[in-house]
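Read the structure below first, then the notes.
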Protein chains: 2
Amino acid sequence: MNIGQASKATGVTAKMIRYYDEIDLVRPASRTDSNYREYDDRQINELRFIKRARSLGFSMEEITQLLSLWRDRGRPSREVKAIADRHVADLDARIGEMQAMADTLRHLSHCCAGDDRPDCPILADLTEGKEPSDPVKRRPSFNR
Amino acid sequence: MNIGQASKATGVTAKMIRYYDEIDLVRPASRTDSNYREYDDRQINELRFIKRARSLGFSMEEITQLLSLWRDRGRPSREVKAIADRHVADLDARIGEMQAMADTLRHLSHCCAGDDRPDCPILADLTEGKEPSDPVKRRPSFNR
DNA sequence: CTTGACCTTCCCATCATGGGAAGGCCCATC
DNA sequence: GATGGGCCTTCCCATGATGGGAAGGTCAAG
């Protein structure tokens, strides 16, 4: 299976497959005589795994760990659970922050006439330069 | 006021002040004879505005628009409200996605023994390569 | 006049992803 | 067996907001 077929089979773009290859996330692809990458079922499954894990918001760092546990038949499920739980806590923290932003804005918007006049509580709030409760530092790499 | 004082006065790092300067987000800083940036109250207020807007999750793009409305005394509050409402919808969408991720993971984690044994519903789920409901495309630039 | 704290610009890195160019390969159709 | 279109390869660049750091100029207090 070449990269295009692997891409179709997994839903991961060829670009990203090459990237995962480059950062050694997946087992190294073997190459044909003409230097085409060749993927077998094992790698296809790894790519699917990565895709699903990304869709659950895991960072590449976490996925590296998850993949290594996945490959290890003797893994303790405790370790997998720990990674998942940490990620859930991370998600919850971010959800909380965004919820706070949305709530604040909903309130301000509700107080804004939204007509032709210039008076606007939203701008007024921004002008006051209130401090946010805490400039939260997040673990790197959960863009999307 | 030089950049360091402006930074202290607004809580925006000097690095970021220079960046906002570079992308013409704030009014251009005047310079002293020795090429130091000089900020007046107007610009200090703009920096505070930006800071507060960032803390509410607005993208630079949105902040550009908000700043321009802020500077315009004749703005219709409708336009400000529209930007805010769009942003709230964006936040809500993202919150929804993350909530779904967290809920899924909470369920899986709950089903995982988390002991020395290797069996793990979390890994099992990742292995199945289920499709996420929909690969949501978000507007660029809301990292943090 | 020295010293240390500040300022300047310039370059590089992040993280996951996509765009695109230049060149090589494969297969089907003429 | 040549041609063409659709693959593949590598390489470089961009994103968005932010920080790190180097090299060199400036200011103010001692």
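In what follows, chains are A, B, ... by sequence order, proteins preceding strands, each numbered from 1.
- When rounded to the nearest whole Å, the span between CD of Glu22(A) and C1' of dC12(D) equals 12 Å.
- For Lys15(A) and Tyr36(A), each mapped to the nucleotide of DNA chain D holding its nearest heavy atom, the one lying further toward the 5' end belongs to Tyr36(A).
- Rounding to whole angstrom units, CD of residue Glu38(A) and C1' of dC8(D) are separated by 13 Å.
- When rounded to the nearest whole Å, the span between CD of Glu62(A) and P of dC15(C) equals 13 Å.
- Within a 6.0 Å sphere centred on CZ of Arg117(A), heavy atoms belonging to other residues, nucleotides or ligands number 12 at most.
- Comparing dC7(D), dT9(D), dT8(C) against the side chain of Arg31(B) picks out dT8(C) as the nearest.
- A close approach under 4.0 Å does occur between a side-chain nitrogen or oxygen of Ser34(A) and OP1 or OP2 of dC26(C).
- As a whole-Å value, the separation of Asp21(A) CG from dC11(D) P is 13 Å.
- Taking all atoms of both residues into account, the shortest heavy-atom contact from Cys120(B) to Cys112(B) is SG-SG, 3.8 Å.
- Residue Arg18(A) is in base contact, counting any heavy-atom pair closer than 4.0 Å across all strands shown.
- For the pair Arg18(B) and Asp21(B), the salt-bridge criterion is not met [side-chain N within less than 4.0 Å of a carboxylate O].
- In this structure, Ile23(A) places its CD1 atom 7 Å from P of dA16(C), rounding to the nearest Å.
- One can place OH of Tyr19(B) at 18 Å from P of dA13(C), the figure rounded to the nearest angstrom.
- Counting any heavy atom pair closer than 4.0 Å across all strands shown, Thr13(A) reaches sugar-phosphate atoms only and no base atom.
- For the pair Met60(B) CE and dT15(D) P, the computed distance is 14 Å after rounding to whole Å.
- Residue Met16(A) places its side chain closer to dT17(C) than to any other of dC6(C), dT17(C), dC8(D).
- Between Asn35(B) and dT8(C) there is no side-chain N or O to OP1 or OP2 distance below 4.0 Å.
- Taking 4.0 angstrom as the limit, Arg37(B) places a side-chain polar atom (N or O) nearer than this to OP1 or OP2 of dT8(C).
- Atom OH of Tyr39(B) and atom C1' of dC7(C) are 11 Å apart (whole Å).
- With values rounded to the nearest 0.5 angstrom, Trp70(A) atom CH2 is found 5.5 Å from Glu46(A) atom CD.
- The side chain of Tyr20(A) lies closest to dT17(C) when the candidates are dT9(C), dT17(C), dT9(D).
- For the pair Asp90(B) and Arg86(B), the salt-bridge criterion is not met [side-chain N within less than 4.0 Å of a carboxylate O].
- In the set dT9(D), dA17(D), dT17(C), the nucleotide with an atom closest to the side chain of Arg54(A) is dT17(C).
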